[in-house]
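What follows is a set of notes on a single structure, which appears directly below.
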Amino acid sequence: MTELPKAYDPAGVEPELYEDWRTAGLFHAEPDDDGAPYSIVIPPPNVTGSLHVGHALDNTIQDVLIRRARMRGKNAVWIPGMDHAGIATQMVVEKQLAAEGKTRHDLGRERFVERVWQWKEESGGMILNQLETLGCSPDWDREAFTFDEPRNLAVTKIFVELHEQGLIYRGARLINWDPVLHTALSDIEVEHEEVDGELVHFRYPFVDGDDGDGLIVATTRAETMLGDSAIAVHPDDERYQHLVGRMVRHPFLDRTFPVIADDYVDPAFGSGAVKITPAHDPNDYAIGQRHDLPMIDIMDDDAVITEVGGPFAGMGRYDARAAVKTKLDEAGLLIKVEAHSHQVGHSSRSKAAIEPRLSDQWFVKVGPLAERAIAAVKDGDVRLVPQRNTKAFLDWLENLHDWCISRQLWWGHRIPAWHHTETGEIRVSAEPIDEDGWVQDPDVLDTWFSSQLWPFVVFGWPEETPELARWYPTSTLVTGYDINTFWVSRMLMIGLWFTDEVPFHVIYNHGLVRDEHGKKMSKSFGNVIDPLDLVAKYGADATRFALLRSAAPGTDVPLAEEWVEGTKRFANKLWNAGRFALSNLDGMTPGELPDRDALALEDRWILSRLEATRAEVDAAYDAYDWPVVARGLYHFVWDELADWYLEAVKVRIYGDDAAAADTARMVLAVVLDDVLRLLQPMMPFVTEALWRELTGAAGGTESLMAADWPTGRPGDRDEEAEADFAVLQDLTTQTNRFRSQNSIPPSKRFELTVASDQRSLIEAQQHLVTALAGVSAATCVDALEERSGTSTIQFSAGQAQVDLAGLIDVTAELERLHKELDNARGDLARVEGKLANSSFVERAPADVVDREREKQRDAQAAIAQLEERVASLEDLRTAG
RNA sequence: GGGGCGUUAGCUCAGUUGGUUAGAGCGCUUGCUCGACACGCAAGAGGUCGCAGGUUCGACUCCUGCACGCCCCACCA
């Protein structure tokens with residue numbers, strides 16, 4: 001056996017082990033391998049991405065699932081890959097061009113796209129390599145990209161078929177226009193932010209009215225009045241009813257339009273009369289459609305007023321807003337301007353204020369798709385974890401608007417549609433139309449259009465591949481709740497539509513990683529933690545464990561660097577427990593446990609605790625409850641295995657009885673083996689390093705990764721052993737406390753005189769008592785005799801007496817005893833109060849009342865004891 | 001405007017169907033190199049369980065209301 005270093009050194013073992021796993025093909029699976037299928041597809045990170053803590057959490061969870069599945073004998077595969085990330089990637093390369101003083105238009109479409117590919121090959125995708133440092137184990141032979149050839153074919157096929165089915169259509173609709181990126185966006189790419197704006201009240205004069213006669217309207221965007229084509233009032237509004245049908249005159253443009261009635265209008269808001277700009281406001285658009293109003297587009301792609309805006313042409317929207325106000329004032333039409341804060345949509349990409357705008361775009365009619373998704377959720381074909389996210393998910397699906405999928409970008413899947421330059425006819429076709437007069441639609445698809453296909457296209461759809469047959473539908477989708485709408489819902493809809501199956505059976509939502517006070521990590525707060533730094537400083541296992549430890553399903557995950565330091569200590573604890581075992585096993589490897597008769601109390605105890613832990617942890621793994629798994633294993637390893645069992649087992653290992661020592665070694669080997677297996681999914685490196693030493697596989701290719709998952713030994717549960725061992729633990733703890741409180745150093749041994757209802761236990765386990773409690777002997781007697789100059793130690797199953805002579809400071813001890821007496825008397829008073837309550841005694845369950853009575857007796861006994869001790873100390877003091 | 005989540009020790013969080021003395025990690029105090037580990041061992045201090053009611057013999061736990069915080073969704077000009 002090689003000498004293991006005293007402290008666990010992650011950097012010294014991780015890269016080598018990872019390479020071993022990879023070269024041994026342990027990440028790879030074939031569809032005809034044994035076992036039930038289990039599959040996960042990675043939420044493909046953007047090619048532009050670099051690993052942040054969110055990815056670290058997301059991928060650690062997937063790695064835990066896949067590693068455990070492999071050990072459980074599943075035919076498990078985890079598909080890695082990336083997203084071409086349309087807007088994000090185009091922005092990166094455009095920024096590079098800008099640094100060279102160029103725009104994408106200088107290069108032209110073809111060369112620009114080439115340049116993006118070049119960027120992708122050279123600097124994109126480093127995030128996948130970064131996953132390796134975390135120990136992630138996807139099947140690297142199966143890497144996919146949303147914009148590679150097989151995926152492109154699938155995207156085209158889906159588009160064409162949806163179009164044939166009437167579920168993709170082209171039309172002029174009011175869309176969200178990003179005036180900086182010059183593209184349309186879908187509704188969910190718009191973020192609403194509270195903005196302090198103003199409400200401008202002004203008057204539209206009647207065409208046939210007198211001076212000063214007109215209708216007052218209110219607006220937050222004064223410039224949109226250049227596109228007004230009506231004024232709406234509520235049909236029941238008595239102030240305005242009689243005005244419906246009258247015409248008003250536009251003060252700056254040669255246009256008149258009517259007052260109309262529509263019950264969308266809220267009479268209580270503003271003036272109760274609303275100017276209607278159908279081409280620049282979603283509500284107005286709806287009203288415009290109902291009343292067949294002209295849709296007047298007043299802006300160009302940069303949100304600059306066009307010639308439609310007459311004297312305001314050429315102004316940006318905000319300049320125009322100010323100018324319109326000024327002109328209204330000059331014309332005597334401005335009534336008042338109030339401060340008014342309201343929600344304004346901003347582009348999630350460029351952060352520019354969105355301009356609602358009438359535009360020709362491609363849309364997906366989502367209604368029919370959503371119906372099947374809703375049914376799948378309601379029928380339980382797909383389940384959300386945590387379940388509470390289900391309602392929000394369904395609400396979203398039930399209130400979908402059609403999805404604008406065309407983007408005025410260059411990087412992405414080109415829309416498979418061709419326009420005839422003269423007739424304007426449009427044809428959608430999987431094959432290019434190579435005839436005169438036909439040009440391809442310049443737009444590309446929303447990046448989510450292709451990523452929604454991910455769970456089946458990674459397996460080769462539409463080809464009927466063995467992979468698709470075997471691993472689709474996938475088992476679990478792991479993602480943050482923040483992309484349930486963008487991505488998860490759409491995968492569900494499109495997956496059901498094209499494959500007739502849910503793309504995944506479980507949607508596991510983790511939370512967002514935040515700082516230690518729950519604040520969002522951001523560069524401006526300076527609280528960003530880089531997971532690669534954590535791995536470098538504390539190791540991959542510690543980083544993973546720290547994340548998992550706080551990652552309850554659906555709740556945000558607070559993280560601080562010092563907490564990772566804490567989990568590194570746990571890895572070190574395990575390492576040293578392993579080191580102790582390995583150096584004492586004498587080459588013994590885990591095998592058959594000895595007969596139960598041969599087992600010592602501590603063996604039966606630790607095996608019982610192991611089985612309890614195994615059962616608890618296994619159930620928690622099934623429930624995706626990582627904190628419970630982590631806590632259970634942490635507690636078992638540290639507080640039970642290391643603190644108690646390793647200490648207890650020394651008696652036999654260092655003793656003379658060779659058979660007893662071998663029994664101890666075998667139990668130790670088996671317990672360590674099992675706990676390493678249970679911990680492997682979360683901490684793959686340290687467990688693997690120890691396991692290879694433990695099983696003698698060092699240097700070989702055998703791996704813990706490929707070992708079997710412990711199925712448990714229910715017969716090892718032994719309540720009697722647990723109860724008995726607890727007595728010894730309590731006696732030890734009380735003795736330690738006695739030492740500590742009386743400043744008796746560990747090296748100073750003393751004898752215990754023990755009176756206990758567990759006399760036979762203590763006599764039989766004399767060796768354990770002396771080893772654990774660090775006393776010279778424990779002499780059992782029927783009852784403690786009253787002796788002066790002694791002190792009594794209470795433990796769960798009795799009392800022990802210590803000769804105080806030469807051990808303690810009598811005055812300090814007396815003071816402490818008086819304090820304890822006060823406490824004990826308080827306890828007794830409380831219990832007696834409870835027992836004096838007749839309704840408690842009559843109505844509470846008998847065992848509860850019995851426990852109270854027992855407590856009362858205990859308190860009385862404790863008080864009597866304390867009084868005795870005080871008396872004996874007083875004697876000692878007087879004597880001394 | 002609608003919906004969700006949360007409020008327990010200085011910090012971050014557990015607390016299973018209401019019932020012994022409400023726990024853990026970190027931090028803090030004290031004492032310890034005892035043949036795995038000072039990345040350690042032992043002991044300890046620290047909590048009116050957000051507030052107010054209600055149900056109950058008994059409430060951190062169940063009910064109602066309120067306060068505060070966080071998040072998501074939403075086309076009120």
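None of the values given here were measured: they were computed from a predicted structure. Reminder, nothing fancy here: chain letters follow the sequence lines and each chain counts from 1. Reckoned from all heavy atoms, side chains included, excluding hydrogens, waters and symmetry mates.
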* **Watson-Crick or G-U stems involving RNA chain B, each at least 3 pairs long, distances under 3.5 Å, ordered by first number** => B:1-7 with B:67-73, B:10-13 with B:23-26, B:28-32 with B:40-44, B:50-54 with B:62-66
* The side chain of A/Asn736 lies closest to which of these nucleotides: B/A77, B/A42, B/G25? -> B/A42
* Classify the side-chain pair A/His234/A/Asp266 by whether it contains a donor and acceptor separated by less than 3.5 Å. => no
* Between atom CG in A/Asn572 and atom P in B/C41, what is the gap in whole Å? -> 10 Å
* To do: Please tell me which of the listed nucleotides, B/C37, B/G35, B/G27, lies nearest to the side chain of A/Tyr654?
  => B/G35
* Please report, rounded to the nearest Å, how far the P atom of B/G40 is from the CH2 atom of A/Trp644. => 18 Å
* Asked: Among the nucleotides B/C37, B/A14, B/A43, which one has an atom lying closest to any side-chain atom of A/Asn576?
  -> B/C37
* Under the 3.5 Å rule, do the base of B/A36 and the side chain of A/Glu647 count as making a donor-acceptor pair? -> yes
* **A/Arg321 CZ to A/Leu226 CG distance, which is reported to the nearest 0.5 Å** => 11.5 Å
* **Whole-Å gap separating C1' (B/C41) and CD (A/Gln729)** => 16 Å
* To do: Taking atom C1' in both B/A9 and B/G54, compute the distance separating them and give it to the nearest angstrom.
  => 29 Å
* Looking at B/G4, B/C71, B/A77, which one has an atom nearest to any side-chain atom of A/Lys391? -> B/G4
* Scan A/His342 against the nucleic acid and name what it touches under 4.0 Å (heavy atoms): base, sugar-phosphate only, or nothing. => sugar-phosphate
* Please tell me which of the listed nucleotides, B/C76, B/A74, B/C41, lies nearest to the side chain of A/Trp396? => B/A74
* Reported CH2-to-NZ distance for the pair A/Trp575 and A/Lys6, which is rounded to 0.5 angstrom -> 14.5 Å
* Could you tell me whether the side chains of A/Tyr264 and A/Asp284 share a donor-acceptor contact shorter than 3.5 Å? => no
* With a 3.5 Å cut-off and just heavy-atom distances, do the side chain of A/Lys6 and the base of B/C37 make a donor-acceptor pair? -> no
* Asked: Which nucleotide, B/A77, B/A36, B/A74, lies nearest any side-chain atom of A/Phe580?
  -> B/A36
* Rounded off to whole Å, could you give me the NZ-to-P distance for the A/Lys519 and B/C11 pair? => 16 Å
* Considering heavy-atom distances to RNA chain B, does A/Gly566 or A/Trp638 have its closest nucleotide positioned more toward the 5' end? -> A/Gly566
* Between B/A43, B/C76, B/G4, which one does the side chain of A/Arg388 approach most closely? -> B/G4
* Under 6.0 Å between ring centres, would you say that holds for A/Phe269 and A/His340? -> yes
* To do: For A/Glu516 and for A/Leu646, find the nucleotide of RNA chain B with the closest heavy atom, then tell me which residue's nucleotide is more 5'.
  => A/Glu516
* Among the nucleotides B/A43, B/A42, B/C11, which one has an atom lying closest to any side-chain atom of A/Asp643? -> B/A42
* To do: Provide, to the nearest angstrom, the distance between the CD1 atom belonging to A/Ile354 and the P atom belonging to B/A74.
  => 13 Å
* Enter the distance from A/Asp263:CG to A/Arg290:CZ here, rounded to the nearest 0.5 Å. => 7.0 Å
* Would you kindly give the CD-to-P distance between A/Glu398 and B/G2, to the nearest whole Å? => 19 Å
* Output the single nucleotide from B/A36, B/C76, B/U12 whose closest atom is nearest the side chain of A/Pro558. => B/U12
* In terms of side-chain heavy atoms, does A/Lys537 have a donor or acceptor partner in A/Thr543 at a distance below 3.5 Å? -> no
* Asked: Within this structure, what is the CZ-to-P distance between A/Arg579 and B/C37, rounded to whole angstrom?
  -> 5 Å
* Nearest of B/G27, B/G4, B/A77 to any side-chain atom of A/Thr219? -> B/A77
* **Under 3.5 Å side-chain donor-acceptor pair for A/Trp177 and A/Ser359** => no
